[in-house]
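A quick write-up on the structure given underneath.
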Amino acid sequence: MLERITKSLTSASILLAVYFLLNIALRIALPHTLDLDEAEQAFYSQYLLAGYGPQPPFYNWIQYAIVSVTGITMWALSVPKNIILFGCYLFYGLAAREVLKSRLLPPIAMLSLITLPQVGLMAQRELTHTVALLFATSLFLFGFFRTLRQPTIGSYLVIGIATGIGLISKYNFAILPFAVFIAVLPERKWRDRLFDWRLLPAIVIAILIVLPHAFWLPDNLANASAPTLERMTAEHEAAAGLPRIGQGLLSLVIAVLGFVALPIVVVAAAFRRDFFRALSSSSPMIRVIERMIVVSLLAFAGIVVFAGASDIHERWLDPCLLVLLIYLFLKLETAGLDLSAGLARFRPVVPVFMIVILAILLLRIVAIQYIGTYTRTNVPFANYVTELTATRKPVLIVAGTKFVAGNMKLEFPDVPVVIPFFPGPGVPEYAAAKGPVLVVWRGETANDPTISPSFANDLVKSGIDLKEINTLTLPYLFGDGKHTFSIGYSWVEGGAQ
């Protein structure tokens, strides 16, 4: 049965659809406390803006559109994410079908995406903007490979749409079309694809997609870039000059190895000697993909050398290395070997990964007392709300962080939840509030709900006077009862003081 499923893209897509439905069901069954990215989406879903801060707005726009129709629920957060991830796998399979001649390999390549930790586990666990980036990258690869094989106005438009979506999903997507242009340029067979008139409408549609955010970006460049630059440089105390460059390049090598190691080991274990024999195989398409990867990684090395980056994260390499599985199976096919035994060994890997990932997503929450490191999803926000609203309900919530704001928005779908000075000056809703206002925050650590000086200062500037500061401490969900999490809160009356 498993063999029949993996012989057809349609059957493999059905298997994936069932898998993502299980992911949705699992997320709905788990506590509805939101992780950081989920909470950010819940908070931002109140606003339709051209830009929201350090991340481009594509995923926020999708989330806003859905919440505008359905309201903010766990379903509204979980279902779109899994649909987008499903689209990533689907277009990856279609991209594989453009370059692989065997009808057996494209569904295997599509399903094998689950072996990439950044796709199989991390994207499912907590990421959002990266999920949109993965989708855009797969869509781009499909349009790109189709254009090389059989160029049409449709294939060029797919490239344009994917480029537009990618650029407003994550800024690092820009490396991919640049790397593709450089990779194709030396190939006489396909060089004319780069100067085809059909590329113009593709460029136009990409610009139209990016345009709203592009108008916002120049006036907000520092806000959009500063947090990312801080993550690239501040997580380690980077030395100056050559030591800093060395640290950055080492970080890049480690990130690459972390990204590619598991799928390479899995494929090598399945195909054994055939895998190593196939490493020397080559073709024009293989050379193009190799140049794509090399140019992309050189671009990241340039960021290390010239932009001062000293800490490269694996997920930043998604647009550069997502093509890896297609590349490996193309190598195997080009070698002209009998792959039947390797495919038979590889097929069971996919359901095993699916089961393991679902188990990890479950056990990291419900078995946390045995693991010891509590997650944000174990924070008892629903219990906080029960305690806080036993005697009164807020007409407005002012939160100290997006994590708190998003979780409070999920618990109070019909109550405005604001953060001072986002998206505009002060907290204008406070002056108009007719009734009790709940101000709530978390501290730097789980059991220290001390209000941060910056949040306290923002409240003062917004005209909010905290006359009484309280603390609420509750045990983690699924914990041992001894480990707790604390929040700070204060009730104030709405209206200018």
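Counting begins at 1 with the first residue of the sequence.
Dense packing is recorded around OH of Tyr47, with more than 12 heavy atoms of other residues, nucleotides or ligands lying under 6.0 Å away. The local environment of CZ in Phe215 is sparse, with at most 12 non-hydrogen atoms from other residues, nucleotides or ligands closer than 6.0 Å.
Taking the salt bridge (charged side-chain N to carboxylate O under 4.0 Å, His left out) definition, one finds that Asp35 meets it with Arg376, sequence neighbours left out. In this view, Arg27 and Glu38 satisfy the salt bridge (charged side-chain N to carboxylate O under 4.0 Å, His left out) rule, not counting sequence neighbours. Applying the salt bridge (charged side-chain N to carboxylate O under 4.0 Å, His left out) test to Lys81 and every residue at least two apart in sequence or in another chain returns nothing.
A ring-centre distance under 6.0 Å is found for Phe43 and Phe422. In this structure, the ring of Phe142 has its center no less than 6.0 angstrom from the ring center of Tyr92.
Pairs of residues two or more places apart, or lying in two chains, that qualify as ring-ring contact (aromatic ring centres under 6.0 Å, His included) and include a residue from residues 115-139 are Phe91-Phe135.
In this structure, Ser138 contributes its side chain and Cys88 its backbone to a donor-acceptor pair below 3.5 Å. Side chain of Ser251 to main chain of Gln247: no donor-acceptor pair is present (N/O by atom type, distance under 3.5 Å, no hydrogens or angles). A donor-acceptor pair under 3.5 Å is formed between the side chain of Ser45 and the backbone N or O of Ala42. With hydrogens and angles ignored, the 3.5 Å screen pairs a side-chain donor or acceptor of Thr375 with a backbone N or O of Thr377. A donor-acceptor pair under 3.5 Å links the side-chain atoms of Gln46 to the main chain of Val417, judged by distance alone. Looking only at distances, no side-chain donor or acceptor of Asn378 sits under 3.5 Å from a matching main-chain atom of Tyr374.
Across Trp441 and Ser490, no two heavy atoms sit closer than the pair CZ3-N, 4.1 Å. Considering every non-hydrogen atom in both Ala162 and Ala136, the closest pair reads CB-O, 3.7 Å. For the pair His32 and Asn407, the tightest heavy-atom approach, listed with the atom from each and the gap, is O-OD1, 4.2 Å. Of all non-hydrogen atoms in Gly488 and Pro449, the two that sit nearest each other are N-CB, 3.6 Å. The minimum heavy-atom distance linking Leu49 with Pro57 is given by the pair O-CB, 4.4 Å. The shortest non-hydrogen separation linking Asn172 to Trp316 is ND2-O, 2.7 Å.
Among Thr471, Thr473, Thr450, the single residue meeting the side-chain hydrogen bond (donor to acceptor under 3.5 Å, both in side chains) criterion with Ser486 is Thr473. Exactly one residue among Thr163, Val210, Asn60, Leu217 makes a side chain to side chain contact (heavy atoms under 4.5 Å, CB included) with Ile168. That residue is Val210.
Below 30°, between 30° and 60°, or above 60°: for Tyr52 and Tyr44 the angle between ring planes is between 30° and 60°, a tilted geometry. Classification of the His213-Tyr171 ring pair by plane angle, with boundaries at 30° and 60°, yields parallel.
Looking at Asn447 and Thr484, their side chains do bring a donor and an acceptor atom within 3.5 Å of each other.
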Exercise for review: Apply side-chain contact (heavy atoms from CB on, under 4.5 Å) to the pair Leu325 and Met110, showing each step before the final yes or no.
Suggested key: CA-CA 8 Å; Leu325 277 308; Met110 176 174 70; over 6 Å; no

Practice item. For the pair Leu34 and Met408, evaluate side-chain contact (heavy atoms from CB on, under 4.5 Å) and give the outcome as yes or no after the intermediate values. Key: CA-CA 10 Å; Leu34 305 178; Met408 296 306 286; over 6 Å; no

Practice item. Check step by step if side-chain contact (heavy atoms from CB on, under 4.5 Å) holds for Lys170 and Gln55. Key: CA-CA 7 Å; Lys170 282 278 196 177; Gln55 300 287 4; 3.1 Å; yes

Practice item. In sequence, state the C-alpha distance, the side-chain angles, and the governing distance for Val119 and Leu322, and then conclude on side-chain contact (heavy atoms from CB on, under 4.5 Å). Key: CA-CA 9 Å; Val119 181; Leu322 193 68; 3.7 Å; yes

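Interatomic distance, CG of Asp37 versus OH of Tyr59, reported as 9.0 Å (0.5 Å rounding).
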Please list every donor-acceptor pair under 3.5 Å in which a side-chain atom of residues 355-370 meets a protein atom from a residue at least two apart or in another chain.
none

List, one per line, each side-chain donor-acceptor pair under 3.5 Å for residues 385-394, sequence neighbours excluded.
unit_1: Thr386; atom_1: OG1; unit_2: Ala382; atom_2: O; d: 3.1
unit_1: Thr389; atom_1: OG1; unit_2: Val385; atom_2: O; d: 2.6
unit_1: Lys393; atom_1: NZ; unit_2: Thr389; atom_2: O; d: 3.4

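Using a 4.5 Å heavy-atom cutoff, the side chains of Val439 and Tyr489 are not in contact. Annotation: side chain of Leu252 is in contact with side chain of Val256 (closest heavy-atom distance under 4.5 Å). Put simply, the side chain of Thr115 does not reach to within 4.5 Å of the side chain of Val265, judged on heavy atoms.
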